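Data first, discussion second: the structure below is written as structure tokens.
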There are 2 protein chains.
Amino acid sequence: MDKRIKRYLPMTESAYYILLALTEPRHGYGIIKQVEEMTAGRLKLGSGTIYGTLSKMQDDDMITVYSDEKRKTIYEITDIGKQILRLEFDRLDELHRNKERYKGEFL
Amino acid sequence: MDKRIKRYLPMTESAYYILLALTEPRHGYGIIKQVEEMTAGRLKLGSGTIYGTLSKMQDDDMITVYSDEKRKTIYEITDIGKQILRLEFDRLDELHRNKERYKGEFL
DNA sequence: TCTATTATGTCGCAACGTGATATAGTCGAG
DNA sequence: CTCGACTATATCACGTTGCGACATAATAGA
């Protein structure tokens with residue numbers, strides 16, 4: 001596992017949901033709407049957040065620009081992106097386990 | 001729910017584990033060791049991280065300084081701190097549910 | 001025609017994590 | 001009794017990041 005991958009962990013909530021929204025190729029605005037749906041309206045991503053994160057992810061080969069139809073830019077997750085997402089899944093599992101283990105102390 | 005609380009969500013991994021380590025009052029170094037144990041050595045908090053986060057949390061009444069025995073400073077979680085932690089638990093539940101729901105698409 | 005929605009992009013600020021650095025007490029091995 | 005390892009706390013500067021604000025424009029419907 002190289003440094004490029006490690007740099008992305010822990011993943012921010014925004015970055016995590018942006019990647020998770022890419023179950024299928026989507027354009028920026030579609031990602032915003034998908035994340036809103038996944039979080040029941042809780043998380044509304046600002047344009048600076050998606051387009052900023054998206055171009056950073058592109059630099060790091062986590063996503064590719066899929067196509068340009070009219071003025072839409074379609075993003076697609078790469079194998080590297082999937083790999084990082086899976087590592088984040090593992091981290092989330094750990095967080096979840098520790099939550100279950102200790103939450104009783106804080107009720 | 002006031003702004004003071006909302007400002008802490010989403011919580012960073014470091015802040016989350018620091019609070020979670022306060023199941024009982026602990027001093028800074030004890031928190032570092034407890035977090036290391038909870039994460040099986042994965043997360044080693046730097047001194048800048050704990051003492052920085054700890055004094056910020058103190059400013060926001062999430063923790064209180066419990067006592068000074070010799071040169072140790074003991075930190076204890078407050079009711080506000082517990083409240084924020086519980087909201088973070090809820091957010092983590094949502095993350096976990098969405099992970100379970102979509103992870104199949106990335107294997 | 002006007003307004004809401006879709007759609008993309010940039011800029012600067014504030015916040016955060018962290019390593020480096022400094023300081024000092026304790027305790028066991030040699 | 002000395003030396004190194006570990007315990008313990010604290011501050012500073014640095015780079016990265018998230019994100020709101022702002023700008024721009026096309027499209028669809030009222």
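In this text the structure is predicted, and so the values were computed from the model without any measurement. Lettering follows sequence order; numbering is per chain, from 1.
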Quiz item: Are A/Ser14 and D/dT17 close enough that a side-chain N or O sits under 4.0 Å from OP1 or OP2?
Solution: no
Practice problem: Could you work out which one of D/dT17, C/dA7, D/dT9 sits closest to the side chain of B/His27? | Solution: D/dT9
Quiz prompt | Side chain proximity check, B/Asp93 to A/His96, heavy atoms < 4.5 angstrom | solution = yes
Practice problem: Starting from C1' on C/dC16, measure out to CG on B/Leu43 and report it in whole angstrom. | Solution: 14 Å
Quiz item: Choosing from C/dT5, C/dG9, D/dG18, which nucleotide comes nearest the side chain of A/Tyr75?
Solution: C/dG9
Quiz prompt | Backbone of B/Thr39 reached by a side-chain donor or acceptor of A/Asn98 within 3.5 Å | solution = no
Self-check item: Nucleotide of D/dA10, C/dT10, C/dT6 approaching B/Thr73 most closely (side-chain heavy atoms)
Solution: D/dA10
Self-check item: Out of C/dT10, D/dA8, D/dC19, whichever nucleotide has its closest atom nearest the side chain of B/Tyr51
Solution: D/dA8
Exercise. Measure the distance from NZ on B/Lys44 to P on C/dA20 and round it to the nearest whole Å.
Key: 16 Å
Practice problem: Examine the base of C/dA7 for any acceptor or donor lying under 3.5 Å from a partner atom in the side chain of A/Ser47, and report the outcome as yes or no. | Solution: no
Quiz item: Which whole-number value in Å describes the distance from A/Glu36 CD to C/dT5 C1'?
Solution: 13 Å
Exercise. Could you pick out which residue, A/Gly46 or B/Ile32, lies toward the 5' side of DNA chain D when each is mapped onto its nearest nucleotide?
Key: B/Ile32
Quiz item: Would you say B/Arg26's side chain and B/Ile74's backbone share a donor-acceptor pair under 3.5 angstrom?
Solution: no
Quiz item: Of the nucleotides C/dA7, C/dC16, D/dG18, which has the atom closest to the B/Thr12 side chain?
Solution: C/dC16
Quiz item: Which one of B/Thr12, B/Ile63, B/Thr53, B/Ile77 satisfies the side-chain contact (heavy atoms from CB on, under 4.5 Å) criterion with B/Ile18?
Solution: B/Thr53
Quiz item: Among D/dT9, D/dC19, C/dT18, which nucleotide sits nearest the side chain of B/Thr49?
Solution: C/dT18
Quiz item: In whole angstrom, what separates A/Ile18's CD1 from D/dT17's P?
Solution: 13 Å
